2 protein chains.
Amino acid sequence: MQTHFKIFIKSSIPHFFVTDSELDNIIESFEEMELEKGEYFLKQGKISGSLVLLEGHLRCYTFNENGDEVTTAFYSAPRLIFDVASFFQQKPSVENIIALTKVKGYYMNYKTVDKLFHDYAFFREFGRAMLAKEYILFKDRTMRLINLTAEERYAHLMQTNPELFQIAQLRHIASYLNITDTSLSRIRRDFGSK
Amino acid sequence: MQTHFKIFIKSSIPHFFVTDSELDNIIESFEEMELEKGEYFLKQGKISGSLVLLEGHLRCYTFNENGDEVTTAFYSAPRLIFDVASFFQQKPSVENIIALTKVKGYYMNYKTVDKLFHDYAFFREFGRAMLAKEYILFKDRTMRLINLTAEERYAHLMQTNPELFQIAQLRHIASYLNITDTSLSRIRRDFGSK
DNA sequence: GAAACCAATTGTCATAAGACAAGTGGTGAT
DNA sequence: ATCACCACTTGTCTTATGACAATTGGTTTC
């Protein structure tokens, strides 16, 4: 797992030279984390830490004003997981992040991250790259929400993340696509015949 | 204007102590920027810099696959303006940012920002705070897009940013709210009578 | 001051997607 | 083995919003 961890960090900042011993120092500050399916990485009201996810899948959701669950993200390894608002502003989260499968990775709280940011330029760069990437992915998704029809959004998800349909419930995928489960069901029924 | 600049930075990182001389060093690296109404701060294909906007209003837009303009943001002073994807990844932007009024502020390119990030912890913190804030604002907007009806989105904008209706064209506001200008017109007609 | 232009409004009609309720099929508990 | 539960599907009907085209009203220009 350590190897994957190193590869993940290195490949996230390809323009930076990082020695293995520097990486070892970083890794020491992380703690290994495992979650079983159904366990929570983050519950609303708690302050988010950061998880370098190396194995497994999670789902992130909140509630809208009607009290309905809204799935805001699915996460698959390898990637960094953190609630931007909660982590960087050290405020209670409004998001819940739950394991869809068994999950493995490395965990670190804000204080430790911040200290490492101070000590290691490459880790700072890693953090910045992660935040920027997160922003860009989120923006892409929003643009699809604006510009694509429900069916096109479904088709896109099918293309980019087909495994998801094996792992997550359709109603969660539906709310992620911002459609009702009823609509998703119909879209799937009609999808082949085109 | 320098005073406003300093206040803006200080108030963005209230938990950091910054001396005025440090701020002066920073300001020297910026160059003053003014735009007339209709001038562009950023054109697609160019690489984004960063603008500490101290006076005026701008509009940000792209084109969707149909070639229709989509307004993705309105910016009002005081705030930091930059295209996250273009700025941090130093890639050509897909966004256009145009002045809606006369605009004043301080401009800096990525290279200079990066150098100052290296030299000043407080400036790093400023950058991080700005990026996190940007992310959070954008996420809020997307959540409204998901959870609110067209009319509710209009009402929200009316409440939070009524000046905008004096400054921007309705069709641009419409596309920002992700509705057609026709719909916006009808919503405005019916809005009082409730 | 007429012509040209453009933003905004309005009318008519079409349609994607939601609401709600009933039905299906699989799984787990006792 | 049966019941209960839950995810998912399907039917019917409603509705918010879009598409498209015509009209209005203001401003620019020659």
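Please read all numbers here as calculations on a predicted model, not as lab measurements.
With Thr142(A) as the fixed residue, the side-chain hydrogen bond (donor to acceptor under 3.5 Å, both in side chains) test singles out one of Thr142(B), Thr72(B), Asn178(B): Thr142(B).
Applying the 4.0 Å criterion to OP1 and OP2 of dT9(D), one finds that Ser185(A) has a side-chain N or O inside that range. Between Arg189(B) and dT10(C), a side-chain N or O to OP1/OP2 separation shorter than 4.0 Å is present. For dG18(C), the OP1/OP2 oxygens have a side-chain nitrogen or oxygen of Thr180(A) closer than 4.0 Å. One finds no side-chain N or O of Arg186(B) lying less than 4.0 angstrom from the OP1 or OP2 phosphate oxygen of dT17(D).
Put simply, CG on Asn178(A) is 11 Å from C1' on dA17(C), counting in whole angstrom units. Straight-line distance from the OH atom of Tyr154(A) to the P atom of dC8(D): 12 Å, rounded to whole Å. Atom pair Ile187(B):CD1 and dA8(C):C1' shows a separation of 14 Å (rounding to whole Å applied). In this structure, Leu177(B) places its CG atom 18 Å from P of dA16(D), rounding to the nearest Å. Here the C1' atom of nucleotide dT9(D) and the CG atom of Leu184(A) are 11 Å apart, to the nearest Å. Following rounding to the nearest Å, Ile179(B) (CD1) and dT15(D) (P) show an atom-to-atom distance of 20 Å. Atom C1' of nucleotide dA8(C) and atom CD1 of Ile173(B) are separated by 12 Å, given to the nearest angstrom. Taking atom CG on Leu170(B) and atom P on dG25(D), their separation rounds to 17 Å, with Å as the unit.
Nearest nucleotide to the side chain of Gln169(B), out of dA7(C), dG18(C), dT17(D): dA7(C). Which of dT17(D), dA8(C), dC8(D) sits closest to the side chain of Arg171(B) comes down to dA8(C). Proximity note for Thr182(A) (side chain, C-beta onward) versus dG18(D), dG11(C), dG11(D): the nearest is dG11(D).
The aromatic ring centres of Phe165(B) and Tyr154(B) sit less than 6.0 Å apart. Annotation: Phe30(A) is in aromatic contact with Phe5(A) [ring centroid separation under 6.0 Å]. Note: Tyr135(A) and Phe138(A) fail the aromatic proximity criterion, with ring centroids not under 6.0 Å apart.
A salt bridge is absent between Glu151(A) and Arg186(A): the closest approach of a Lys/Arg side-chain nitrogen to an acidic carboxylate oxygen does not fall below 4.0 angstrom. Comment: Lys10(B) engages Asp20(B) in a salt bridge, judged by a side-chain N to carboxylate O separation of less than 4.0 angstrom.
Ring orientation note: the planes of Phe87(B) and Phe82(B) are nearly perpendicular, at an angle over 60° on the 30°/60° scale.
A heavy atom lying under 4.0 Å from DNA chain C marks none of the residues of residues 57-67 of chain B.
Along DNA chain C, the nucleotide closest to Ala168(B) and the one closest to Arg153(A) are compared, and the more 5′ of them pairs with Ala168(B).
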